[in-house]
**Q** 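Sharing a structure here in structure tokens format.
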There are 2 protein chains.
Amino acid sequence: MEDRNTGAPGRAQRFTSYSHSKNCAVESALEVIGGKWKGVILFHLLSGEMRFSEIRRAVGAITQRTLTKQLRELEADGVLTRTVYPVVPPKVEYRLTEKGEALTPILTGLRAWGLRYTLSETDATGEEA
Amino acid sequence: MEDRNTGAPGRAQRFTSYSHSKNCAVESALEVIGGKWKGVILFHLLSGEMRFSEIRRAVGAITQRTLTKQLRELEADGVLTRTVYPVVPPKVEYRLTEKGEALTPILTGLRAWGLRYTLSETDATGEEA
DNA sequence: CGGTATCCCCAGTGATACTG
DNA sequence: CAGTATCACTGGGGATACCG
């Protein structure tokens with residue numbers, strides 16, 4: 001990732017000393033759900049387990065390659081499980097783990113915020129329901 | 001808007017007849033705070049207004065160019081305001097708007113989730129008030 | 001059905017230097 | 001202090017084709 005020393009022999013070596021404190025928790029959380037489609041994927045999975053093609057249809061314009069990749073990353077991050085049923089035709093189900101379900105308030109919060117502030121051009125006049 | 005039973009594990013109706021209409025709210029919200037540093041920037045601004053260099057120091061390893069860009073995008077998204085004081089040396093202050101402050105539960109939620117699930121093994125003494 | 005395997009492109013970031 | 005201006009690089013994500 002970092003520390004690539006390609007070309008430029010005189011280049012100053014950048015030191016990625018991560019000395020910033022605990023606020024990185026925000027960052028690391030964002031790294032998990034921050035993929036282009038991850039939020040939407042996780043949101044859909046809040047309703048329960050889904051098959052690959054279901055997710056694909058639900059998310060919309062996403063390629064297989066990208067969906068596979070994002071799902072594998074989410075799996076690697078431990079927010080969902082991937083279950084392969086050895087049947088034919090193949091059947092793979094994705095389901096949130098407890099870690100993933102713990103994102104529920106965040107995901108619904110994001111959706112509520114997005115609805116209120118980004119999709120409806122409601123002026124921020126402090127009107128709260 | 002038919003709520004997709006947020007939080008409840010009821011997987012009765014999971015046929016997303018709406019392809020990706022309102023769920024994009026999650027996506028559009030993520031687009032606002034999903035930048036590499038935006039979450040951290042916003043989180044720091046929860047404490048109050050900050051100057052450019054303060055943010056830079058707080059965030060850590062971020063270049064001026066990138067910080068400027070992310071701040072401008074956040075400003076364009078209406079989550080913060082940029083106030084230039086015509087003094088010398090220059091002084092610019094950044095402050096969350098109401099729209100930005102509405103992200104508070106999400107940001108603190110992200111931080112709590114990140115602390116608990118992604119870096120709890122290191123030093124979970126993030127019991128900041 | 002649920003993937004891999006390639007190839008490609010460009011948006012996002014970083015490094016560095018200069019300025020009002 | 002708070003930016004711009006340039007240049008370079010990477011890697012995330014898309015398009016397409018093929019496979020078990």
Side-chain angles (χ1 to χ4, degrees), chain A residues 1-18 20 27 30-41 44-45 49-77 80-95, chain B residues 20 27 30-41 44-45 49-77 80-95:
Chain A
M1 237 187 269
E2 51 273 81
D3 193 79
R4 76 278 141 101
N5 198 7
T6 51
R11 277 280 169 74
Q13 195 180 42
R14 68 164 170 179
F15 38 94
T16 11
S17 55
Y18 289 140
H20 22 296
E27 203 181 332
L30 241 17
E31 280 176 17
V32 176
I33 70 170
K36 185 172 180 182
W37 305 98
K38 288 182 183 173
V40 193
I41 293 170
H44 280 289
L45 282 172
E49 61 187 358
M50 299 176 76
R51 299 183 60 169
F52 185 86
S53 48
E54 282 184 296
I55 301 177
R56 180 145 68 117
R57 257 179 282 115
V59 169
I62 188 174
T63 57
Q64 265 147 340
R65 180 192 174 283
T66 301
L67 179 54
T68 301
K69 209 181 158 210
Q70 306 248 318
L71 285 170
R72 293 297 158 85
E73 289 174 8
L74 289 169
E75 185 190 10
D77 285 327
L80 56 81
T81 56
R82 175 173 176 267
T83 309
V84 183
Y85 295 91
V87 296
V88 55
K91 177 179 175 183
V92 180
E93 292 221 315
Y94 294 89
R95 153 167 274 172
Chain B
H20 45 288
E27 203 181 333
L30 240 18
E31 280 175 17
V32 175
I33 70 170
K36 185 172 180 183
W37 305 99
K38 287 182 183 173
V40 192
I41 293 171
H44 280 290
L45 281 172
E49 61 187 358
M50 299 176 77
R51 299 182 58 168
F52 185 86
S53 49
E54 281 185 296
I55 300 177
R56 181 145 69 118
R57 256 178 284 113
V59 169
I62 188 175
T63 58
Q64 264 150 338
R65 181 191 174 285
T66 300
L67 179 54
T68 301
K69 209 182 160 207
Q70 306 246 318
L71 285 170
R72 293 297 157 87
E73 288 174 9
L74 290 169
E75 186 190 10
D77 284 327
L80 57 80
T81 56
R82 176 173 176 267
T83 309
V84 183
Y85 295 92
V87 297
V88 55
K91 177 179 175 183
V92 180
E93 293 221 315
Y94 294 89
R95 154 168 274 173

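Below, read A as the first sequence line, B as the second, and so on, with proteins coming before strands; counting in each chain starts at 1.
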**Q** With the criterion being N/O to N/O and under 3.5 Å, what pairs connect the protein with nucleotides 3-5 of chain C, and how long is each?
**A**
unit_1 : atom_1 : unit_2  : atom_2 : d
C:dG3  : OP1    : A:Arg72 : NH2    : 2.8
C:dG3  : OP1    : A:Arg82 : NE     : 3.1
C:dG3  : OP1    : A:Arg82 : NH2    : 2.4
C:dG3  : OP2    : A:Tyr94 : OH     : 2.7
C:dT4  : OP1    : A:Arg72 : NH1    : 2.4
C:dT4  : OP1    : A:Arg72 : NH2    : 3.3

**Q** Ignoring hydrogens, what is the shortest heavy-atom contact between A:Leu74 and A:Lys38? Give both atom names and the distance.
**A**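 Result for this residue pair: CD2-CD, 3.7 Å.
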**Q** Touch check for B:Glu73, heavy atoms < 4.0 angstrom, all strands: base, sugar-phosphate only, or nothing?
**A**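 Answer is nothing: B:Glu73 stays at 4.0 Å or more from every strand.
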**Q** Can you tell me if the side-chain N/O atoms of B:Thr66 get under 4.0 Å from OP1 or OP2 in C:dG14?
**A**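 For B:Thr66, the contact criterion (side-chain N or O under 4.0 Å from OP1 or OP2 of C:dG14) is met.
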**Q** In chain order, what residues pass the side chain to side chain donor-acceptor pair (under 3.5 Å) check against A:Gln64, with sequence neighbours excluded?
**A**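 Applying side chain to side chain donor-acceptor pair (under 3.5 Å) to A:Gln64 gives none.
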**Q** Considering only distance and modelled atom types, tabulate donor-acceptor pairs under 3.5 Å from the side chains of residues 80-92 of chain B, sequence neighbours left out.
**A**
unit_1  : atom_1 : unit_2  : atom_2 : d
B:Thr81 : OG1    : B:Arg95 : O      : 3.3
B:Arg82 : NE     : B:Tyr94 : OH     : 3.3

**Q** To the nearest 10°, let me know how far the axis at one end of the helix from C:dC1-D:dG20 to C:dG20-D:dC1 is tilted from the axis at the other, five pairs an end.
**A**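 Answer for the end axes of this duplex: 60°.
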**Q** Could you tell me whether A:Pro89 contacts a base, only the sugar-phosphate backbone, or nothing, with contacts defined as non-hydrogen atoms closer than 4.0 Å?
**A**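 Counting heavy atoms under 4.0 Å across all strands, the contact made by A:Pro89 is with sugar-phosphate only.
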**Q** With sequence neighbours left out, which residue pairs that include part of residues 50-68 of chain B fulfil the salt bridge (charged side-chain N to carboxylate O under 4.0 Å, His left out) condition?
**A**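 Applying salt bridge (charged side-chain N to carboxylate O under 4.0 Å, His left out) to every pair that reaches into residues 50-68 of chain B, excluding sequence neighbours, yields nothing.
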**Q** Side chain of B:Ser53 only, heavy atoms from C-beta on: which candidate in D:dC1, D:dG20, C:dT13 is closest?
**A**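 Of the candidates, D:dC1 comes closest.
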**Q** Looking at every heavy atom in both B:Leu71 and B:Ile55, which two are closest together, and how far apart are they?
**A**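 Here B:Leu71 and B:Ile55 meet closest at CD2-CD1, 4.1 Å.
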**Q** Is there a donor-acceptor pair closer than 3.5 Å between any side-chain N or O of B:Glu27 and the backbone N or O of A:Trp37?
**A**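 Side chain of B:Glu27 to backbone of A:Trp37, a donor-acceptor pair under 3.5 Å: no, none is there.
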**Q** Would you mind reading off the distance between A:Glu75 atom CD and C:dG2 atom C1', rounded to a whole angstrom?
**A**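 Rounded to the whole Å, the gap is 14 Å.
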**Q** Base, sugar-phosphate, or nothing: which does B:Lys36 touch, judged by heavy atoms less than 4.0 Å apart?
**A**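 Since only primed, P, OP1 and OP2 atoms lie under 4.0 Å of B:Lys36, the category is sugar-phosphate.
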**Q** Which residues pass the side chain to side chain donor-acceptor pair (under 3.5 Å) test with B:Thr63, sequence neighbours left out?
**A**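 Side chain to side chain donor-acceptor pair (under 3.5 Å) check on B:Thr63 returns B:Thr66.
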**Q** Please give, in whole Å, the distance from C:dT13 C1' to A:Glu31 CD?
**A**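 Whole-Å distance recorded here is 14 Å.
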